Q: 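This structure is in structure tokens; I'll ask about it shortly.
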Amino acid sequence: MSLNHSPETQIKLIARVPAITGRELPEWFQAIDNGPSFLRCDERAHWLAEEHGLTHGYAAAIVVEHERHRRNRMGFI
């Protein structure tokens, strides 16, 4: 499973997450933070898809966005 969406696709997927999943991004970020400690993003996306019944595309988009937000919080560029 690839986590590499185009920037345009990533923006569109993230914008639709609440409508498609019924949950806002902060809720998904908390689920990832409280979930298993995987080292790789693709493992997190696979778990998110399997555990919460998401398509792999949405799971990957959420994980990528979570990683981006995590880096921003920690001051990484």
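As the structure is a computational prediction, the values presented were derived from the model and not from experiment.
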Q: Answer yes or no: is there a donor N or O on one side and an acceptor on the other, between the side chain of Glu65 and the main chain of Ile62, under 3.5 Å?
A: no
Q: What distance separates Thr21 OG1 from Trp28 CH2, expressed to the nearest 0.5 Å?
A: 5.0 Å
Q: Please verify the inter-ring angle class for His56 with His46; under 30° counts as parallel, over 60° as perpendicular, anything in between as tilted.
A: parallel
Q: Testing the basics here: between Ala61 and Gln10, what is the closest heavy-atom pair and its distance to 0.1 Å?
A: O-NE2, 2.9 Å
Q: I'd like to check Gln30 versus His66 (side-chain heavy atoms, cut-off strictly below 4.5 Å). Are they in contact?
A: no
Q: Measure the spacing between CZ of Phe29 and CZ of Arg23 and express it to the nearest 0.5 Å.
A: 12.0 Å
Q: Take Arg68 and Val64 through the test side chain to side chain contact (heavy atoms under 4.5 Å, CB included) and record every step on the way to the result.
A: CA-CA 6 Å; Arg68 188 178 68 78; Val64 167; 5.6 Å; no
Q: Find the distance between CD1 (Ile32) and CD (Glu51) and round it off to the nearest 0.5 Å.
A: 12.5 Å
Q: Which atoms form the tightest heavy-atom contact between Ala45 and Ala59, and what is the distance?
A: O-CB, 3.4 Å
Q: Kindly write out the residues that satisfy salt bridge (Lys or Arg N to Asp or Glu O under 4.0 Å) with Glu67, not counting sequence neighbours, or none if the list is empty.
A: Arg44, Arg70, Arg71
Q: Which atoms form the tightest heavy-atom contact between Trp47 and Ala31, and what is the distance?
A: CH2-O, 3.6 Å
Q: What's the spacing between Arg40 CZ and Asp42 CG if we round to 0.5 Å?
A: 4.0 Å
Q: Got a second to check how far Cys41's SG is from Leu48's CG, nearest 0.5 Å?
A: 11.5 Å
Q: Using every non-hydrogen atom in the two residues, find where Gly57 and His5 come nearest and quote the distance to one decimal.
A: O-CE1, 3.4 Å
Q: Could you check whether atom CD of Glu27 has more than 12 heavy atoms from other residues, nucleotides or ligands sitting under 6.0 Å from it?
A: yes
Q: Are Ile14 and Ile11 connected in a single hydrophobic cluster, I mean Ile/Leu/Val/Met/Phe/Trp/Tyr linked by side-chain heavy atoms less than 4.5 Å apart?
A: no
